[in-house]
Amino acid sequence: MKWAVIVFPGSNCDHDCYYILKDVLGQDVCYKWHKDTDLSSIDCVVLPGGFSYGDYLRSGAIARFSPIMNEVINFANNGGIVIGICNGFQILLEAGLLPGAMLRNKDLRFICKDVCLRIENSETAFTNKTKRGQVLKIPIAHAEGNYFVNNETLHKLQENNQIIFRYCTPEGEVSSVANPNGASDNIAGICNENKNVLGMMPHPERVVEQILGGDDGRLIFESIINSGDQGSVVSINNP
Amino acid sequence: MKTIKVVVTLKQGILDPQGLAIKHAMESIDCEGIENVRVGKYIELKFSNDIPEERLNQICEQLLSNPVIEDYRIETGG
């Protein structure tokens, strides 16, 4: 698979994503600067975490209008696999590729800690190496991860199985005590209706090697690689 | 030069933790009668030309505010 990690001014998880894809998982990966306009031959786009444009105006609001984003939107609309992590998730929301918006964390604090996530849908390109109900331990690091969505859209997300990860206790119970930031319905990650675009607040790229404290995040990337091997990934050139 | 002021606020009903924190601080300095605090953004735009209202609304909805969570108000003149 050929991966592109998009670099915006202020991205700071781009190198982590590049490193784990190339050196740990042996993938073909390149950086794409926000001013680039070409995603041909790319199979999967990663929008990494960070503080694109200093989070000015709203998180992701300025990055959403970077030249590369027109291509990312086309790529996604043609069925290409896109994963947005943390700030990448915020950019996907601002771009309208995913529904909802991010509010400040309920307690106003920047939260950096390991959280537990329950897999709600294991039949996607991002989770096919996991089981429904499985609990993953993956860190979050954000001040604006309080996912907000209106009731009507929330019902749609639930009905279409678009909620992929929910914050839970280590035992897998989804409850308010396990909700770190006040997110609607404990949502930590969602997909679009076609299930080819994922946004998640936790950072799977930070837990891919045991030496760094865990490797649960590896399952997300291995799922994408697996769906690529199965031929279910659509490259923009070969729709 | 035409100055346009845009005020962006969180929609009614959406929790404003920042406003809540300020409210608590106001209570701690004994501000009587404070019932609610909502925090918004003030954006000042200067144009060399007249800009049609429709275009301005478009810009507010597309960039200056996020219609999922925010309302905006346009003030012209000055």
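Here is how names work: the chains are called A, B, and so on, in the same order as the sequence lines, proteins then strands, and each is numbered from 1. The structure presented is a predicted model; accordingly, all values stated were derived computationally and were not measured.
Residue A/Gln158 qualifies as enclosed at atom CD: its count of foreign heavy atoms under 6.0 Å is above 12. In B/Glu44, the CD atom is crowded: over 12 heavy atoms of neighbouring residues, nucleotides or ligands sit closer than 6.0 Å. Annotation: A/Arg132, atom CZ; neighbour count of heavy atoms from other residues, nucleotides and ligands within 6.0 Å does not exceed 12.
With a 4.5 angstrom heavy-atom cutoff, B/Leu20 does not touch chain A via any of its atoms. Heavy atoms of A/Asn105 lying under 4.5 Å from chain B belong exclusively to its backbone. For chain A, the nearby parts of B/Gln62 are the backbone and the side chain; heavy atoms of each come within less than 4.5 Å.
To the nearest 0.5 Å, atoms CZ (A/Arg64) and CG (B/Asn66) are separated by 11.0 Å. Note that the CG atom of A/Asn146 and the CD1 atom of B/Ile69 stand 9.5 Å from one another [nearest 0.5 Å]. From B/Ile14, atom CD1 reaches atom CG of A/Asn150 across 9.0 Å, with rounding to the nearest 0.5 Å. Taken to the nearest 0.5 Å, the NZ atom of A/Lys106 stands 7.0 Å off from the CG atom of B/Leu15.
Heavy atoms only, all atoms of each residue included: A/Phe65 and B/Leu63 are closest at CE1-CD1, 3.6 Å. Nearest approach of B/Ala21 to A/Leu108, heavy atoms of both residues: CB-CD1, 3.5 Å.
Of the possible polar contacts, one joining the B/Lys41 side chain to the A/Leu57 backbone as a donor-acceptor pair under 3.5 Å is found. At least one donor-acceptor pair closer than 3.5 Å links the side chain of A/Arg58 to the backbone N or O of B/Leu64.
Counting heavy atoms from C-beta on, the side chains of A/Leu103 and B/Leu10 come closer than 4.5 Å. Within the 4.5 Å cutoff, side-chain heavy atoms of A/Arg104 are placed close to those of B/Pro17.
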